[in-house]
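Please read the structure below before turning to the comments.
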Amino acid sequence: MAKIALFFVSHDGQTEKIATTLSGHLHALGQEVALIDLTCHPDPSKLAPEVDVADFVIMLAAIRYGYHLKPAERFLKHFKDRLLEKPLAMLSVNLTARKPHKRVIENSVYLRKWVERHPLSPVLVRAIAGKLDYPRYRAFDRFMIRLIMRMTKGPTDPTVTIEFTDWDQVKELAEEIAALV
Ligand SMILES: Cc1cc2nc3c(=O)[nH]c(=O)nc-3n(C[C@H](O)[C@H](O)[C@H](O)COP(=O)(O)O)c2cc1C
């Protein structure tokens, strides 16, 4: 049985929820999955055994202010040589992906820049919509996210929480990955 290593990094919990769901779907499809939270591993070099044993690597990372969370960037940099030797999926969690056309690299500046920043050859690159949670944000973040939402015609009511994640897309991604393993 092929081994999948699913590395994820979340700040507010939505990426973790997506990681758990994706892992559940992969299990149901008969795959063996190791779910690894990068925030628990500040030193990427310690994760070499998990990378080496994997037949397929998934990187699932949330975006804040245009950049994927640092542990994901550190991980991709640290393992650039080893990751060239095995199939890799790069999955980005952000709010622009609430618009379905923004989930593919052709229409996503975030995905394009992410792939450009790392000299890797991912077999799958996608964006998944995250969660908007105004009440949870600090005043500055709430102000900034409302500004971004105003510019992109999204919700600006500072009292709302909206889970934009398309759970059918997460299931379809699991099927796509299982077919690539
Ligand atoms: C401070 C902050 C900055 C964010 N910056 C962006 C951004 O630049 N682009 C975007 O599409 N989404 C942005 N988001 C939305 C997050 O990517 C989204 O809420 C995601 O679900 C966060 O994942 P997490 O809950 O795993 O941390 C931002 C969210 C916060 C709180």
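All ligand and atom numbering here is 1-based and tracks the order in the structure. These numbers come from a predicted model, not from an experiment.
The closest protein non-hydrogen atom to atom 22 (C) of ligand 1 is Ala62 CB, 4.0 Å. Protein heavy atom nearest atom 24 (P) of ligand 1, with residue, atom name and distance: Asp12 N, 3.4 Å. Nearest protein heavy-atom neighbour of atom 10 (C) of ligand 1: Leu95 N, 3.5 Å. Nearest non-hydrogen protein atom to atom 14 (N) of ligand 1 is Ile63 O, 3.6 Å. Here the protein heavy atom with the shortest distance to atom 5 (N) of ligand 1 is Tyr65 N, 2.8 Å. Taking atom 21 (O) of ligand 1 as the reference point, the nearest protein heavy-atom neighbour is Lys131 N, 2.9 Å.
By the 30° and 60° cut-offs, the orientation of the rings of His68 relative to Trp114 is parallel.
In this structure, Ala5 and Glu50 approach most closely via the heavy-atom pair CB-O, 4.1 Å. Residue Leu120 comes nearest to Lys80 through the heavy atom pair CD2-O, 3.5 Å, listed as atom of the first residue, atom of the second, then distance. Of all non-hydrogen atoms in Thr161 and Pro135, the two that sit nearest each other are OG1-CD, 3.6 Å.
Distances between N or O atoms of Gln14 and those of ligand 1 include at least one value under 3.5 Å. Distances between N or O atoms of Leu69 and those of ligand 1 include no value under 3.5 Å. Among the atoms of Arg64, none of the N or O lies under 3.5 angstrom from an N or O of ligand 1. Considering backbone and side-chain atoms together, Thr96 places an N or O closer than 3.5 Å to an N or O of ligand 1.
Shown in contact with Gly13 at under 4.0 Å from a heavy atom are these atoms of ligand 1, numbered in order with element: 24 (P), 25 (O), 26 (O). Close contacts between ligand 1 and His11 involve ligand atoms 24 (P), 26 (O), 27 (O) [criterion: under 4.0 Å to a heavy atom].
Using a non-hydrogen distance threshold of 4.0 Å, Tyr110 registers as a contact of ligand 1.
Asp166 and Arg103 are joined by a salt bridge, as a carboxylate oxygen and a charged side-chain nitrogen come within less than 4.0 angstrom of each other. Using a 4.0 Å cut-off between charged nitrogen and carboxylate oxygen, Glu106 and Arg112 do not count as a salt-bridge pair. Using a cutoff of 4.0 Å between basic side-chain nitrogens and carboxylate oxygens, Lys171 and Asp168 are not scored as salt-bridged.
For Ile145, every heavy-atom contact with ligand 1 shorter than 4.0 Å involves the side chain, none the backbone.
Under the salt bridge (Lys or Arg N to Asp or Glu O under 4.0 Å) rule, Asp12 has a single partner from Arg138, Arg64, Lys131, which is Arg64.
Atom-to-atom distance recorded for Gln14:CD and Leu132:CG is 11.0 Å, nearest 0.5 angstrom.
If you check each of Gly130, Ala97, Gly66 against atom 8 (O) of ligand 1, the one with the closest non-hydrogen atom is Gly66.
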